[in-house]
Amino acid sequence: MPGISTFIGVIGKAYGWSGTELAIVSLNAFTVLLGTLAGVSAVKFSNQPNDTEGKK
C-alpha cells in the first residue's frame with residue numbers, strides 16, 4: 001500500500017491533479033488501520049493455547 005500511495009503522489013503532482021494530497025493522506029491512514037488490525041489479530045492468535053501437542 002505505501003507503494004500505491006507514492007505512485008499516486010508522484011503521478012498526481014506530475015499531472016497537476018487536485019486533491020492528490022487528500023488522497024495520499026486517506027490512503028496512508030487506511031494502510032495504518034489495516035496494519036493495526038493485522039497486528040492485533042496476530043497477537044490474539046499467538047496467545048491461544050496450542051492443543052495439538054497434547055493430541056499426539
Side-chain angles (χ1 to χ4, degrees):
M1 294 290 259
I4 294 171
S5 177
T6 302
F7 176 77
I8 290 172
V10 170
I11 297 300
K13 287 185 182 207
Y15 286 103
W17 293 340
S18 63
T20 301
E21 296 293 325
L22 181 60
I24 293 169
V25 170
S26 300
L27 186 57
N28 286 338
F30 182 67
T31 302
V32 170
L33 173 67
L34 289 178
T36 302
L37 293 175
V40 169
S41 177
V43 168
K44 286 184 178 182
F45 179 77
S46 66
N47 287 337
Q48 291 180 350
N50 191 355
D51 291 340
T52 58
E53 290 182 12
K55 293 181 180 180
K56 287 184 179 179

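Only this structure's heavy atoms are used, side chains among them; waters, hydrogens and symmetry mates stay out.
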- Item | Counterpart residues, side-chain contact (heavy atoms from CB on, under 4.5 Å), relative to Y15 (two or more places apart) | I11, W17
Run the side-chain donor-acceptor check on residues 33-42: report pairs under 3.5 Å with partners two or more places apart or on a different chain.
{"residue": "T36", "atom": "OG1", "partner": "V32", "partner atom": "O", "Å": "2.9"}

- Please list all pairs passing the salt bridge (Lys or Arg N to Asp or Glu O under 4.0 Å) test where one or both residues lie in residues 23-39, with sequence neighbours left out. none
All N/O donor-acceptor pairs, side-chain side in residues 23-31, below 3.5 Å, sequence neighbours left out:
{"residue": "S26", "atom": "OG", "partner": "L22", "partner atom": "O", "Å": "2.9"}
{"residue": "N28", "atom": "OD1", "partner": "S5", "partner atom": "OG", "Å": "3.0"}
{"residue": "N28", "atom": "ND2", "partner": "I24", "partner atom": "O", "Å": "3.4"}
{"residue": "T31", "atom": "OG1", "partner": "L27", "partner atom": "O", "Å": "2.9"}

- salt bridge (Lys or Arg N to Asp or Glu O under 4.0 Å) partners of residues 9-31, not counting sequence neighbours, each pair once: K13-E21
